[in-house]
Structure formats: structure tokens, C-alpha cells
Participant: 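Please see the structure below; I have some questions.
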Amino acid sequence: MPETTTTDEDAAGGETEPESALATARRQLERAAAHVDVDSGVVTRLKHPTKVQQVSVPLRLDDGSLEVFTGYRAQHDDVRGPYKGGLRFHPEVTADECVGLSMWMTWKCAVMDLPFGGAKGGVAVDPKTLSDEERERLTRRFAEELRDVVGPKKDVPAPDMGTGPQEMAWFMDAYSMQQGETTPGVVTGKPPVIGGSYGREEAPGRSVAIVTREAIDYYDWDIEETTVAVQGFGSVGANAARLLDDWGASIVAVSDVDGAIYDPDGLDTQDVKGHDERPGMVSGYDAPQSMTNAELLELDVDILIPAAVGEVITADNVDDISAEMVVEGANGPTTFAADTILEERGIPVIPDILANAGGVTVSYFEWLQDINRRQWSLERVHEELEQEMLDAWDAVREHVEADDLTWRDAAYAVALSRIGGAKETRGLWP
Ligand code: GLU
């Protein structure tokens, strides 16, 4: 994610009541395990998180009153390295949602061959109702409540929906002050001035664009002839759309929470301001046609990129999806049921754990920079990200071709064989 003090979530506007992230994550795991030579005990183990921390986060509001919010950190698996994954501020955060999302982080890090496991956390709060001062106090107190379970070698949070570089800066500062030493590696996605990496904020969108470009090439399409609709114009959607536009694709529709804009001849994606840059400017843009978010999903385009919230392509609307291919910018935008129908219809879905993995990959670069106390140039970040994405794409493509798998099953196969190999070699200690 989508990512940043963001708002990609705003763009979904869906109203269906589909299966939960955890249910989808577990069903995907079961299905993928059938294609991989991995011990069934390992698969059973991977259906459960190692630990879920629940904390109460008291917050003094600006009016002097006190509220208590509930926060979570789900740590799914760390066989390959420290837990890694975002923290979201969103009213619908639950323990189960964090567990489902933490499982996806485990696979995402393994697909990218990063030395990390998977985690996810957050606070059930609507950050838009808080002042900047309230958000700072909430973030600092949340950091304090999680202090025992996080750390550069234990669990490294990052931005996710509703959080961004500023929240990571407050988190890092609160942690460092209590530890008595500046510890930049405790979180990633920080501003570059305090040890953040150049290119981290736009990385998930950049990886979505890279993977989309590779998919276009794989299917022998011409990027100049390819039409794309992007749901969500926050950090993921806007960066992906602008890069693909630069590379020749025609971005015919984009959206924010208030609705979508459509131009069959292609929008000028630089001219449309992102939701983070100026809220309301997407749907307010002077385009030939406006439509709802639901209509955007059903547009007859070559590629649909859902880059807002999860669970937007569901059993209810999957029959109306007209795109030739789906590239998942958000985490978990396609439910298990919808995914199966897309497969039957022959519509490839490039999964989130590969497509938006640029975020956690540049987080890994950031963690390395923090440990070495040496910042990389933006150019180096771009080059190394490009190479990591191409390596992961090739590993997944080989499984697609050799075993006739869907892109999601192939990505899971790559991840599971790496995780399974590590678990079998280290040995379970039940
Ligand atoms: N929240 C991001 C994701 O879903 C990034 C996590 C990270 O960088 O650790 O991939």
C-alpha cells in the first residue's frame, strides 16, 4: 500500500460484505500448498500466527478528554528473519485482519527473497478525526505499548493505510528515547532526513508499474496500445499510473473515495493531483466523464489495477469485471471466491504479494542503510528495486510456465518452498 498518511483506502467506496482477509489468506494458503512439496505440518503451522499482541492505547484529546483505542501487532512467522510489515490507523482494524495481513507479509518477503518474516498491526481509529498533535500522541503511546515486541532485529514496522513517514518518525523517536539510543532501524518508511530511504514512498507504486510492464511483455501486448484503469489515486495508485503513463500506456480512469474520472483517450496523470497531494482533486478533475468507483471496476480496459482497499473484487461483481488482466496494487483486493471465477474466465491476476512488494523491498534497503549508517542515492534504490522485481518476476514466471499455475499460486509456490525449506532445515520444535 498502499502507504503514506494515506488515503488510498478512501478510494474504494465498495459496499459488499465479502470474506475477511484472514479467511482469504487461509484459503489461498491451503490451495497453494497443494502445488508445493512442503511438509503438511509446516502448512498447518503457517495457518496460525506466532503471536498477536493486543494493547490499549490511551489518548488525551485536544479538548482534555480521554479516549482509549485498541491496537494490535500480529507476528505471523519469523523463520527467515525479523517480522516485517506495516501499521495501519483505520477504524476497521481487528486482530483477525492483522493476522490475515501478516500472513501476506510473510509470503511477500519470501517471494522477494528478503530476510524477513511477516507481521502487521494497527490501531482501530479513524485518523481523519484526529488533529496532528493527537496523532503524534497516539503514535508515541502505541510505540511505547509495542516496545517489547518490536526492534531492528525482532520486528520492524512500516507505514500502511492511514500512516506515513511522519508516524514512522514519531514511532522511531519514542522508541529511541525509551531505549536511550537513536535506533533508526526499528521502523522503515521514515523521512530520509532521519534514516529513511529515498524512493521508499513511491516504491509500492513503482513495483506495481514494473510488474505490469513485465506482464504486458509476457502476454505480447504493446504498451502503447494498452489501456489501464486504476482504482485509488493515493501513493500506490498515483505512482503506478504516472509511471505506466510515462512508459506509454493509456491511463483511461482513476478514482478517489468520491468517485472516478474517465477519458477514453487517456488522462494526463501528472495533471490530476493525487488524493494525498490535494484531497478531492481526483473526482473534482475536469474529465470528459465521471463515474462511480464500482463502474470503474467494470470498465472494458486491458488492465485493471485495484490500488485502494482490500476486498473490492468479490463474488458480487466479478462477473462484471471486463478487464483482460488484473494487477493487485492494494493488499487483498480480490476475494478467494472472485479469484476462482477470474481464473475460470481466463483473466490473469498478478497478485499483491508480488505486485506491490516494492514497498517492503525498499524497506529492506532502508533497514540495510540504517544498520550501515550510509544512505543510498535514489538512482541506486531504483536500480536495485528494478533488479529485485525482475528476479522475483522470473522466479514466479518459471512456476507459471513449468507447473501451469495461476500467478497467485505460482507466487505462493515460490514463497512456500523458501519458507518450508527454512523450517525443515531449522526443524520444528513442537
Ligand atoms: N505496508 C506495506 C505492505 O503492505 C509495507 C510493509 C513494509 O515495508 O514493511 O507491503
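When reading the values below, keep in mind they use all heavy atoms of this one structure, side chains included, and skip hydrogens, waters and symmetry mates. Ligands are counted one by one from 1 in listed order, and the atoms in each one are counted from 1 as well.
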Participant: Distance under 4.0 Å to a non-hydrogen atom of A158: what atoms of ligand 1 satisfy this?
Facilitator: 6 (C), 7 (C), 8 (O), 9 (O)
Participant: Where the closest heavy atom to atom 8 (O) of ligand 1 is concerned, which of S363, C109, G332 has it?
Facilitator: S363
Participant: Minimum distance, heavy atoms only, to atom 10 (O) of ligand 1: which one of R88, K84, K108 is it?
Facilitator: K108
Participant: List in chain and number order the residues that pass ring-ring contact (aromatic ring centres under 6.0 Å, His included) with Y219, two or more places apart in sequence or in another chain; answer none if no residue qualifies.
Facilitator: none
Participant: Yes or no: does P159 have any heavy atom under 4.0 Å from an atom of ligand 1?
Facilitator: yes
Participant: Just which atoms of ligand 1 are under 4.0 Å from any heavy atom in R200?
Facilitator: 5 (C), 7 (C), 8 (O)
Participant: My understanding is that only one of T406, T212, V327, V208 makes a side chain to side chain contact (heavy atoms under 4.5 Å, CB included) with I350; could you say which?
Facilitator: V327
Participant: Mind checking whether N331 contacts ligand 1 via backbone (N, CA, C, O), side chain (CB onward), both or neither, at a 4.0 Å heavy-atom cut-off?
Facilitator: side chain
Participant: List ligand 1 atoms under 4.0 Å from G85, heavy atoms only on the residue side.
Facilitator: 6 (C), 9 (O)
Participant: Where the side chain of Q178 meets the backbone of Y175, is there a donor-acceptor pair that is under 3.5 Å apart?
Facilitator: no
Participant: Taking ring-ring contact (aromatic ring centres under 6.0 Å, His included) as the test, write out the residues that go with W376, two or more places apart.
Facilitator: F365
Participant: Scan R213, R206, R380 and name whichever one has a salt bridge (charged side-chain N to carboxylate O under 4.0 Å, His left out) with E386.
Facilitator: R213
Participant: Could you say whether the N/O atoms of K120 and ligand 1 ever approach to under 3.5 Å?
Facilitator: yes
Participant: Do the charged groups of D155 and K84 touch, with an N to O distance under 4.0 Å?
Facilitator: no
Participant: Please report whether ligand 1 has a polar contact with M105, defined as an N or O pair separated by less than 3.5 Å (distance criterion only).
Facilitator: no
